[in-house]
Every structure is written in C-alpha cells, then in structure tokens.
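Report on the following structure.
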Amino acid sequence: MTRHRLDLKGLQARIAFVVLALSLLFSIGSTLSQMYINYQRAVATSTTLIESRSTDAARVISHALWVVDLELVRRSVKGLSMIPTVCRVEVKGFDGTQISEVNSTSSHCDANHQVLLSVQGNNIGTLNMVLNRYEVKREALDTATPLALVHFTEALIITVIVLWVVNRLCSRPLKQLTDALDRYQADKANQTCVPVGLIQRGDEIGKVARSINAMQSRIRDDFLQKRITERELRQHQTLLKEQVEQRTKALNWQSNASSLLADISIQFLSSDSHNITEDVEQVLPSMAKLLGVEAISWYAFDAYRAERRCYWPQDITFAPDVVDLSEMHMIKRWLADTEALVVPHVGQLGEDAINERTWLRLRGILSIAAFPLTDGRKSFGMITVANRHLPFIWDNNKTLLLKRFATAISEVMIRERNHVAMEQLQEELIIANERLKVQAETDDLTRLMNRRPFKRELSNHIYDGIKKHHPVAVMMIDVDHFKAYNDEYGHLQGDDVLTQIARILLTRTQEYEGTVARFGGEEFAITLPPKHAAQLDDLANAIREDIAELAMVHEKNPDGDYVTVSIGGIITIPDDDTSDSYLLEAADQQLYQAKDDGRDCINILDQREEK
C-alpha cells in the first residue's frame with residue numbers, strides 16, 4: 001500500500017511565518033504610530049519648554065539689557081543653550097548688542113523660535129532660539145525603542161502561543177490522522193484506524209476524522225465486496241470453463257454424429273437396397289463407439305418374432321438370432337406407439353414388464369434401448385443397443401442420433417419395399433397396357449387385328465420394300481351380299497360366318513408370314529412381306545377355295561346358293577411416293593372391279609413389270 005505523509009513541519013513553519021509576519025507588521029505599525037505620536041509630543045513638549053523658558057529668560061534678559069548687565073545676559077543665553085533640543089541661542093539688542101551661544105551646528109537646526117524683548121513697553125531687542133529637530137526625533141525614537149521591544153516580544157510570544165495552539169488543536173490531530181492513514185490496510189477488515197478521541201471531537205478535525213473513518217469503512221466494505229466479487233468471478237469462471245468444455249465436447253460429439261449420419265445417408269443413397277444389411281454392418285462399430293454402448297443390433301419383425309439381421313460385435317452371446325415377442329406386452333405396446341424405448345437400468349422396469357425384465361436378466365443385460373424402424377403407421381424392425389456392465393449414460397442427443405439412424409434404415413427399407421411394389425405395379429401396368437393395346441387393336445368378333453395395326457404393318461413392308469427394292473402385296477376381301485345374309489339368317493349367324501372366314505384367312509396368311517385384319521363389317525385386308533409378295537395370287541385362290549369348301553348356305557345370294565367372297569389386290573415395287581393409303585385404295589379398286597366382274601372372283605393387279 002502506498003503511503004502519503006503530510007508535511008506537518010512545513011505547515012507549522014508556514015503558520016509560524018504568517019503569524020510572525022502579521023505580528024511584526026502590527027508591531028512595526030504600532031511602533032511607527034507610537035514614534036509619530038512621541039515625536040509630535042516631543043516637539044510640542046520642546047516647544048512648550050522653550051516657550052516657557054524663553055518667556056522666563058526674556059524677562060531676565062530684557063532687564064539685563066535694560067540695565068546693561070551683559071554678564072547676566074550671557075549666563076541666561078548659556079542657560080538656554082543647554083537645552084538638548086536647542087541648537088543656538090542668539091540675543092540681539094536694538095542698540096546693537098548681540099550675544100549668541102551655539103549648542104550644535106547640525107544641519108537639522110532649522111526651526112526658529114523668536115521672542116520680542118521689551119521693558120516697560122519699550123522693545124529693546126529679540127531673543128532667537130533655533131531648535132534641533134533631529135534631537136527631537138532621537139528623543140522620540142529613544143522613547144519608542146522600549147515600546148518596540150515590548151511589541152516584538154509580544155509578537156514572538158503570540159507566535160509561540162499560536163503555534164502551540166495550532167499544534168495542540170490541529171497539527172497533533174492531523175499527525176494522528178496521518179499516522180492512522182499510513183497504518184491503514186484495507187485488507188484487514190477489523191482494523192481500527194482513526195482514534196476514537198478524534199472521532200468524538202466536535203470541531204472540524206472531528207468532522208474530518210469521522211469522514212476518514214467513514215471513508216475507510218466504505219473502503220473496507222468495497223474491498224470485502226471486491227473480494228466477494230472476485231471469488232464469485234473465479235467461481236463463475238470455473239463454472240463457465242466447465243460449461244465451455246462440456247459444450248465443446250457436446251459440439252464435437254454432435255459434429256461427429258452429424259458427419260456419421262451424413263456418411264450413412266450418402267452410403268445408403270448410393271447403395272443397392274439388396275445390400276442394405278452389409279451397409280448397416282459397416283457403420284455399426286462407429287455408431288456403437290459414438291454412443292458408448294457395448295453392443296448394437298438390427299432386428300426385423302415377422303409377426304411377433306424379431307429376427308436378427310446384423311449385430312456388433314460379432315462375438316456377443318446375449319443377442320439371439322430370434323426373439324419371441326408374443327409375451328412381451330410392454331414391447332408390443334411400444335411397437336404400437338412407434339416411439340423410442342430407453343431403459344437405463346433393468347431394475348426400472350415396472351410390473352407391466354415382468355417378462356421383459358426376466359428375459360433381459362437371463363442374458364445379463366443391464367441397460368437397453370430400442371428404436372423402431374417404421375413407415376409412420378407400423379413398425380417392421382428395430383435397432384437395439386445394450387450394456388451388460390455399466391448403466392447407460394443417456395441424453396437426448398443420443399436418442400436423436402439413434403432415431404435418425406433408425407429413420408435412415410427405415411427409409412432404405414421403405415424404398416426397397418416401394419421399389420419392389422413399383423416393379424410389380426409396373427409389370428401389372430405393362431400387362432394391362434398390352435392387354436388394352438391388344439383390345440384396342442383387335443376385333444372383338446374375329447380376334448383379328450383392326451385397321452390401325454394393319455396399316456402400321458403395311459408401312460413397315462413398304463419401308464423394307466423401298467430399302468431392298470422388293471415388291472409389296474396388299475389384298476382386300478369382301479363377303480358377297482352379306483347384308484342380305486344378315487337379313488335372312490340374323491346377325492348372330494352372320495357373325496358366325498365372319499368368324500369362320502376370319503379363321504381361314506388367318507390360317508392361310510400365316511403360311512406366307514403375312515398379316516390379316518378386319519377392316520369393318522364384312523371386309524378384310526391382307527398384306528404379305530416383300531419375300532412372299534409374289535405369292536399373293538396363290539394365297540387369294542387358296543382362300544377362295546377354302547371358303548367354297550365350307551359350303552355355307554346363302555339362299556339370298558343372287559349369284560349362287562352359298563357364301564362367296566370377292567378378292568382384289570395389288571403387287572408393286574414401292575418408291576418414296578408409295579404410301580399405305582395408296583396401296584389400300586388401289587387394292588380396294590381391284591376389289592370393286594372383281595365385284596363388277598360378277599363377284600366370287602379374284603382381281604390382282606401386278607405392277608412389278610411396269611416399274
């Protein structure tokens with residue numbers, strides 16, 4: 001602690017100097033005033049004395065001059081000159097008599113006192129007395145010197161008394177306060193610094209002492225409060241350091257957990273769903289290490305059976321391959337709720353989990369946690385972690401980590417199930433589309449293709465013919481007088497006729513790798529690929545003969561008694577201007593030509609030689 005010492009001696013010296021100076025000033029003033037008063041009194045006294053002496057001497061000198069007694073005059077003058085303040089005495093008679101006596105030749109003899117000498121009313125001369133003002137002053141000074149000494153002595157005595165009083169009333173208490181301040185130590189809470197006597201004084205020193213005592217009390221209080229604050233700050237610092245360490249540890253754990261979950265998500269997204277078991281096995285060690293557990297397993301549910309798919313470590317003996325859950329009611333309720341199940345200690349299980357507690361204790365499991373694999377509606381598996389030696393040190397972060405891990409596996413499993421379901425759905429859609437396509441492109445009665453697929457097949461033949469410069473053949477077949485047949489025998493009988501004709505057309509056309517279609521009503525169309533196009537006439541004759549052999553009675557046929565057909569066709573080498581519509585129209589024209597020729601005949605146009 002830094003000490004500040006008050007210079008009391010300097011203060012006393014200044015007070016003494018001020019008091020002494022003031023005393024001296026008053027003494028000098030008093031002395032000068034007294035000297036001036038004494039001087040005036042001396043001058044007045046000397047003047048009075050001289051006037052009195054001169055008046056008395058003037059009568060004697062006047063009588064002596066009158067009787068011419070010069071000796072008497074001289075003695076009188078000499079007597080007057082013996083006065084200390086008289087420099088010179090001179091008697092001048094009007095008759096010429098002059099007698100003088102010199103006492104001093106000082107330059108200060110400048111004050112004249114003249115007395116007129118007269119006898120019986122007759123002025124006979126003058127008496128001049130010259131005063132010595134210096135002598136008057138000296139006498140006044142000699143008179144004032146003792147007084148000045150008295151004043152100086154009084155000043156010194158007053159100064160000493162004042163110094164004693166100051167020392168008694170001020171300096172000594174101030175020195176006590178200074179010593180108390182020098183000895184004061186703020187860290188000593190019970191220290192008494194300012195003397196009680198100073199505090200109890202009613203003057204300014206007492207006020208200062210009380211102020212210093214109050215200030216010291218505040219300093220002690222502030223020091224104690226500072227120490228308390230410092231102690232609290234150290235405690236807060238220690239607590240904050242622990243919190244920072246815990247928070248840093250938690251953040252590092254969360255960072256590692258997030259990194260592991262990110263790697264798991266990337267691995268699961270990029271892997272095949274069929275390899276999910278191997279992928280999970282790879283991350284189980286890292287997950288167990290991060291969670292601080294002894295074992296971790298993945299189970300899949302089959303009704304009330306839990307079948308183990310993978311686990312870590314491989315040498316654990318308390319994780320069975322199959323767990324029967326049928327009697328474990330708590331776990332079944334947990335599965336129904338699809339929530340996390342955490343049991344830090346087996347002893348915490350209640351009376352509603354007797355079977356679970358017995359099962360866990362038989363396998364020496366002390367702590368267990370299970371997290372369901374769910375699609376949001378029901379559970380289809382679970383992730384379990386277990387300890388045999390120490391209870392869980394569990395928190396929400398670990399719960400969240402395992403939930404996310406279980407969610408990642410659930411998503412893969414759901415994706416796998418959805419993928420299988422999607423494949424099945426796609427297969428069903430393909431079959432349905434094929435079925436619809438067949439239905440859309442197949443005639444319901446004859447089961448032959450209709451106009452659209454036939455034209456698509458004809459276009460393919462044209463493309464091949466143009467590319468290879470091969471012929472293309474198209475043939476149109478029409479049942480003769482079919483409307484009359486329907487009117488006579490009914491539509492059902494007419495449908496049977498069309499079905500039999502379609503069967504003949506299909507059978508014969510397949511021999512030539514051709515395509516046959518029903519174009520509507522009683523009209524059919526056939527196209528042959530380029531390699532069989534030249535055999536179109538043979539096909540037409542075979543068809544006509546097969547239909548004739550059926551001998552289907554047609555009494556309303558004006559050209560005969562049986563069902564007959566008319567056939568028109570075209571064989572041509574296609575070019576870039578050839579289209580399916582052109583060939584169908586050309587074949588249809590040949591069909592009409594066959595009908596004009598009397599029906600039940602064939603009209604094939606061969607344009608190969610022309611091109």
Has Ser367 got a side-chain atom pairing as donor or acceptor with Phe392's backbone, closer than 3.5 angstrom?
yes
With the side chain counted from C-beta on, respond yes when Thr358 and Leu362 share a heavy-atom pair under 4.5 Å apart, and no when they do not.
yes
If a pair satisfies ring-ring contact (aromatic ring centres under 6.0 Å, His included) and one of its residues is in residues 442-465, list it, with sequence neighbours excluded.
Phe454-Phe519
How close do Ile365 and Ala386 get, heavy atom to heavy atom, and via which atoms?
CG2-CB, 4.0 Å
Side-chain (Arg357) to main-chain (Gln348) donor-acceptor, under 3.5 angstrom
no
Please check if the side chain of Trp253 supplies one atom and the backbone of Leu290 the other of a donor-acceptor pair under 3.5 Å.
yes
Nearest non-hydrogen partners of Gln314 and Tyr311, listed with the distance
NE2-O, 3.2 Å
Nearest 0.5 angstrom please: Asp279 CG to Ile264 CD1, how far?
10.5 Å
Within a strict 4.5 Å, meaning less than it, do heavy atoms of the Thr399 and Phe371 side chains meet?
yes
Quick check on Arg456: does its CZ atom have over 12 non-hydrogen neighbours (other residues, nucleotides or ligands) under 6.0 Å away?
yes
I'd like to know if the side chain of Arg518 and the backbone of Thr442 have a donor-acceptor N/O pair within less than 3.5 Å.
no
Value rounded to 0.5 Å, distance of CG in Leu583 from OG1 in Thr527
8.0 Å
For the backbone of His389 and the side chain of Glu294, can you confirm whether one donor and one acceptor N or O come within less than 3.5 Å of each other?
yes
From CD (Glu230) to CD (Glu232), nearest 0.5 Å
11.0 Å
Pairing donors with acceptors under 3.5 angstrom, does anything connect the side chains of Asp443 and Thr446?
yes
Euclidean distance, Gln237 CD relative to Leu239 CG, rounded to 0.5 Å:
11.0 Å
For side-chain contact (heavy atoms from CB on, under 4.5 Å), just list the numbers for Thr509 and Thr515, CA-CA rounded to whole Å, side-chain angles, deciding distance to a tenth of an Å, and then say yes or no.
CA-CA 6 Å; Thr509 303; Thr515 302; 5.5 Å; no
Closest heavy-atom pair and its distance - Tyr299, Pro320:
OH-O, 2.8 Å
Carefully, step by step, assess Thr277 and Arg309 under the rule side-chain hydrogen bond (donor to acceptor under 3.5 Å, both in side chains).
CA-CA 7 Å; Thr277 302; Arg309 293 189 60 169; 2.8 Å; yes
Indicate the atoms forming the closest heavy-atom contact of Ser410 with Leu373, along with that distance.
OG-CA, 3.1 Å
More than 12 foreign heavy atoms under 6.0 Å from CG of Asn252: is that the case here?
yes
Assess the residue pair Ile462 and Asp580 against the criterion (side-chain contact (heavy atoms from CB on, under 4.5 Å)); give the C-alpha distance rounded to whole Å, side-chain angles, the decisive distance to 0.1 Å, and a yes or no.
CA-CA 8 Å; Ile462 294 173; Asp580 54 355; 4.2 Å; yes
Going by heavy atoms in the side chains, are His532 and Pro529 under 4.5 Å from each other?
yes
Close side-chain approach of Glu513 to Lys531, heavy-atom, < 4.5 Å:
yes
Would you indicate whether Ile393, at its atom CD1, is surrounded by more than 12 heavy atoms from other residues, nucleotides or ligands within a distance under 6.0 Å?
no
I need the Met449 CE to Leu506 CG distance, nearest 0.5 Å.
9.0 Å
What do the steps show when you test Glu307 against Arg305 for salt bridge (Lys or Arg N to Asp or Glu O under 4.0 Å), and what is the final call?
CA-CA 6 Å; Glu307 298 179 356; Arg305 287 162 49 89; 3.7 Å; yes
Does Arg404 have more than 12 heavy atoms from other residues, nucleotides or ligands lying within 6.0 Å of its CZ?
no
For a 4.5 angstrom cut-off between non-hydrogen side-chain atoms, does His469 reach Pro574?
no
Determine, step by step, whether Met330 and Leu341 satisfy the side-chain contact (heavy atoms from CB on, under 4.5 Å) criterion, reporting the C-alpha distance in whole Å, the side-chain angles of both residues, the deciding distance to 0.1 Å, and the verdict.
CA-CA 10 Å; Met330 185 193 70; Leu341 174 65; 4.0 Å; yes
Is a side-chain donor or acceptor of Asn355 paired with a backbone partner of Glu327 at a separation under 3.5 angstrom?
yes
Are side-chain N/O atoms of Thr578 and Asp575 paired as donor and acceptor at under 3.5 Å?
yes
Verify side-chain contact (heavy atoms from CB on, under 4.5 Å) between Met328 and Trp359, making sure each step is shown before the conclusion.
CA-CA 9 Å; Met328 297 186 182; Trp359 188 88; 3.4 Å; yes
Of all heavy-atom pairs between Pro372 and Ala406, which one has the smallest distance, and what is that distance?
O-CB, 3.7 Å
Could you check if a side-chain atom of Leu325 sits within less than 4.5 angstrom of a side-chain atom of Phe301, using non-hydrogen atoms only?
yes
Backbone N or O of Leu390 within a donor-acceptor pair of the Asn387 side chain at under 3.5 Å?
yes
Return yes if some donor-acceptor pair links the side-chain N/O of Ser379 with the main-chain N/O of Thr374 below 3.5 Å, else return no.
no
Are side-chain heavy atoms of Ile383 and Met287 found at a separation under 4.5 Å?
no
Here the gap from Gln246 atom CD to Lys249 atom NZ, rounded to the nearest 0.5 Å, amounts to 8.5 Å
Of the non-hydrogen atoms in Pro530 and Gly465, which two are nearest, and what is the gap between them?
CG-N, 4.2 Å
Between Ser258 and Gln254, is there a donor-acceptor pair closer than 3.5 Å when you use the side chain of the first and the backbone of the second?
yes
Reference residue Ser259; test side chain to side chain contact (heavy atoms under 4.5 Å, CB included); the match among Asn256, Leu261, Asp263:
Asp263
Check: Leu401 and Asn397 side chains under 4.5 Å, non-hydrogen atoms:
no
